[in-house]
Amino acid sequence: MDLTKLNDEQLKAVKYNDGPLLIIAGAGSGKTRVLTVKIAYLIENIHISPYNILAITFTNKAANEMKERVHNLIGSDADFIQISTFHSFGVRILREKDNAKLLGYDKNFSIVDSEDSLVVIKKILKELNLDPKYYNPRSLRNKISSLKNDMLMPDDYEKYTASDYEKACLNVYRKYQKKLKEGNLVDFDDLLLLPIKLFRENKKVLEYYQERFKYILIDEYQDTNEAQYKFSKMLASKYRNITVVGDDSQCIYGFRGSNYKNILNFEKDYKDAKTILLEENYRSTTNILDAANDVIKHNKNKKDKSLWTKNEKGNKIKYYRAYNEKEEARYVVRKIKELVSSGVNYEDIAILYRTNAQSRVLEEEILKDNLPYKVVGSFYFYSRKEIKDLIAYLRLIYNEKDNVSFLRVINYPKRKIGPKTIEQLTEKADKEGISLYEAIDSGKELEFKKIIEDLKKVKDNVTLTELIDKVLDASGIRKELESEKTLEAEIRLENLEEFKSITRGFEEKEGLISLEDFLFEISLVSDKEEYSTDNNRINLMTIHSVKGLEFDYVFVVGVEEGLFPHINSLMDEKDLEEERRLCYVAITRAKKDLYLINAKRRVLFGNDEINPPSRFIGEIREELLDANTEIEKQEEKIKDEEIFRDEEVDYNVGDYVYHETFGTGKVVEVTETLVSVAFKHPYGVKKLMKNHKKLSKI
DNA sequence: GGATGCTTAATTTTT
DNA sequence: TTAAGCATCC
């Protein structure tokens, strides 16, 4: 193993392999490098079997990257190392041997996402006759999730319930757990909780996994929650070969129960723990690093450390205040085009934002110039109705107890099965302790049952892509959409085709994939970009999803009070500090150049808001910033654009038109002053002023 | 049971 | 702005 490229501290971290090790690694200090080399070192120099190594990362993306990098170091031995997120490792345990059975689940359980959880909770509120106006389903879901992250089961929570609200909450929680179990379903939090329960109740099983994973490495330890903490502690308690890496300045998942104190407590848990500090940054220019340090300095709660770099000073950080969010996006696109014309690759550029909703304007502007881009970590595609419907069919075929999927598709497409029938089925199912699907014994519902039964029969004899075609036909989804003859239905069909290209991609890359494997894969990796191949594209993502990544050129947009820091965090100093850490993460992603951008006005919730620049801008010392604010000039330009055409344009149904923002579309309806134009997804049909300047006939 | 139209709430962040 | 939930009518 080539260790010559490591600095002294990194080398120490790689070589220390007798007992607990804590690595405090600043941003860009080469921690992934240390982790991958350490794994390679364990295998090649200490001759540990790859089978005995467990490496936990925070995202699937990070896991894949680590796999690839270890593979590059040691070749195919890398395939035997368990490298995954906590959640997918949890799935793996639950699917192995009889583990699911031991916990009272069938082996073919399926995973519900947070949208499904919400559906379940709404249903429970109805059953309990609780007013969803008072008992907000979303906050109930979040409450239940955070209880689970803190490892408080209904019986544990009972001790803390005082108010009526809390009692109702407990009631919903109980019922929620019951419903999931009845449906042979688990949620994301269960993926951590159930393995812990398994280990607690079955000493033999725990011993097996302790024996198996003698060496444990955990990345992003500052973002572990109580359940993850407990889980790793149990696994490591026998051999104590546990290495954790983290940076308290980068803890950004407090809202999900993560606790950076886990990192500070490591030395208390393991009295003999060795601590190594990685403080040299290899990633960013001095200017960028200085700016990051300036910002994070304003947090009171932090461990003191000094991140430094030998890198050159570099350019100043470009700060730009635009007139509105469109100008902001235009500025970014303009700068990207300049960069690309000077030889920069699209893939080395990232645009970062605080909230997912911000991606839309950016996409519109990028689309106008036809630049290649991808929205990383967006589960938008998988949350589309048609995709969820299809997946619900697949889930039901795989696990007939899945009542959530059952209720979603029992009457889609329309089969004249309404609330009355559902109620009867529910009653019967409750009485006999069976699932809704099993409760079917008569009427129209039998036809539905037959469809599913037939699909079950063929599922093992056809490829996944073929199965999807069969589902689309047998269910009647395809027929339904084809007969609609609307643009929207057409787009839905296109999306279903795209889904098939994803499964086809799977089959080409990894050989035949079973329905089972596929369902687990997509319930944990909700990002279809992970399966695409053309990678030279601009990266758009939230700051949360960019953690662990780096780019030559980074644009951070929406750096405004109320957006970043987010309005919901302004009340509480703790939340504000998390926003600041988030800002620190954003800044430290940049290697060569950093752009901080905001807008004077921005449309939020459909109305115009005016926000001052983010306090984080002011926290960076002035000499690091290259500020450029041309708002007045932009204001004039905007006024100009809003002037309408003088001459009346005559549109007819069927005409093709061009719109500056939405591109080419087709006229579907004309009234006195308005034209309805159908644009390609994601814009749909828009009603537009006939004589607006942005619209023209082609 | 299904279609239509009105009111209102929602946007933090992810596995 | 948009999506979801509810009321009303066929």
Side-chain angles (χ1 to χ4, degrees), chain A residues 56-63 84-91 111-115 117-119 122 125-126 131-133 136-139 142 145 148-149 186-193 220 223-225 227-228 251-258 325 352-361 376-379 382-385 411-422 444 520-527 541-548 558 562-570 575-576 578-579 581-583 585-586 602-609 682-684 686-687:
Chain A
I56 301 277
T57 60
F58 197 70
T59 63
N60 293 296
K61 207 185 183 70
S84 55
T85 63
F86 272 110
H87 290 87
S88 42
F89 184 53
V91 169
I111 302 169
V112 295
D113 62 24
S114 35
E115 201 187 315
S117 294
L118 200 60
V119 172
K122 282 180 186 165
L125 289 176
K126 220 169 248 170
D131 182 6
K133 289 234 166 65
N136 182 298
R138 283 180 100 89
S139 42
N142 297 343
S145 175
K148 287 171 107 169
N149 282 154
V186 302
D187 65 14
F188 288 135
D189 304 319
D190 288 330
L191 295 177
L192 302 171
L193 277 183
E220 311 280 8
D223 279 320
T224 50
N225 61 33
Q228 291 164 332
C251 173
I252 56 175
Y253 282 91
F255 69 95
R256 223 174 81 187
S258 76
E325 77 272 18
L352 310 181
Y353 35 83
R354 177 66 179 83
T355 67
N356 280 307
Q358 288 168 259
S359 74
R360 191 161 169 179
V361 195
V376 179
S378 130
F379 54 103
Y382 287 103
S383 63
R384 291 200 56 104
K385 181 188 179 302
N411 199 34
Y412 178 79
K414 299 249 150 33
R415 297 188 180 86
K416 303 205 161 136
I417 301 172
K420 244 187 170 160
T421 318
I422 308 272
K444 284 251 175 285
F520 281 113
E521 180 86 22
I522 60 168
S523 30
L524 290 174
V525 184
S526 50
D527 189 351
M541 64 190 103
T542 64
I543 301 166
H544 281 88
S545 14
V546 81
K547 189 161 71 150
L563 189 61
F564 191 25
H566 194 271
I567 190 150
N568 295 352
S569 69
L570 299 180
D575 293 338
L576 199 62
E578 181 150 316
E579 295 287 306
R581 290 193 293 270
L582 200 53
C583 184
V585 169
R602 179 181 300 274
V603 178
L604 288 169
F605 294 110
N607 42 26
D608 222 1
E609 313 246 343
Y683 307 111
K686 298 265 174 197
K687 281 200 184 348

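The chains referred to below are lettered A, B, ... by the order of the sequence lines, with proteins before strands, and numbering in each begins at 1.
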If you compare every side-chain N and O of A:Lys133 against the phosphate oxygens of B:dA9 (OP1, OP2), does one of them come in below 4.0 Å? no

Is a donor on one side and an acceptor on the other found under 3.5 Å between the side chain of A:Asp190 and the backbone of A:Leu193? no

Looking at every strand, decide which applies to A:Thr59 at a 4.0 Å heavy-atom threshold: base, sugar-phosphate, or nothing. sugar-phosphate

Heavy atoms under 4.0 Å, any strand shown: does A:Lys122 hit a base, just sugar-phosphate, or nothing? sugar-phosphate

Between B:dT13, B:dA3, B:dA9, which one does the side chain of A:Thr542 approach most closely? B:dT13

Would you mind telling me which residue lines up with the more 5' stretch of DNA chain B, A:Ile417 or A:Phe58, judged by nearest nucleotide? A:Ile417

Using a 4.0 Å heavy-atom cut-off across all strands, classify A:Asn136 as base, sugar-phosphate, or nothing. sugar-phosphate

A:Leu125 CG to C:dA4 C1': how many Å, rounded? 15 Å

Nearest to the A:His544 side chain among B:dG2, B:dT14, B:dT11, which nucleotide is it? B:dT14

Which is true for A:Pro132 with a 4.0 Å heavy-atom rule: it touches a base, it touches only sugar-phosphate, or it touches nothing? nothing

What contact category does A:Phe86 fall into here, base, sugar-phosphate, or nothing, at under 4.0 angstrom with non-hydrogen atoms? nothing

A:Asn356 near the nucleic acid: base, sugar-phosphate alone, or nothing, with a heavy-atom cut-off under 4.0 Å? sugar-phosphate

Please work out if A:Ser545 contacts a base, only the sugar-phosphate, or nothing of the nucleic acid, heavy-atom cut-off 4.0 Å. sugar-phosphate

Looking for any heavy atom pair under 4.0 Å, which part of the strands does A:Asn411 touch: base, sugar-phosphate only, or nothing? sugar-phosphate

Any donor-acceptor pair under 3.5 Å linking the side chain of A:Asn411 with the backbone of A:Lys416? yes

Can the ring centres of A:Phe255 and A:His566 be said to be less than 6.0 Å apart? no

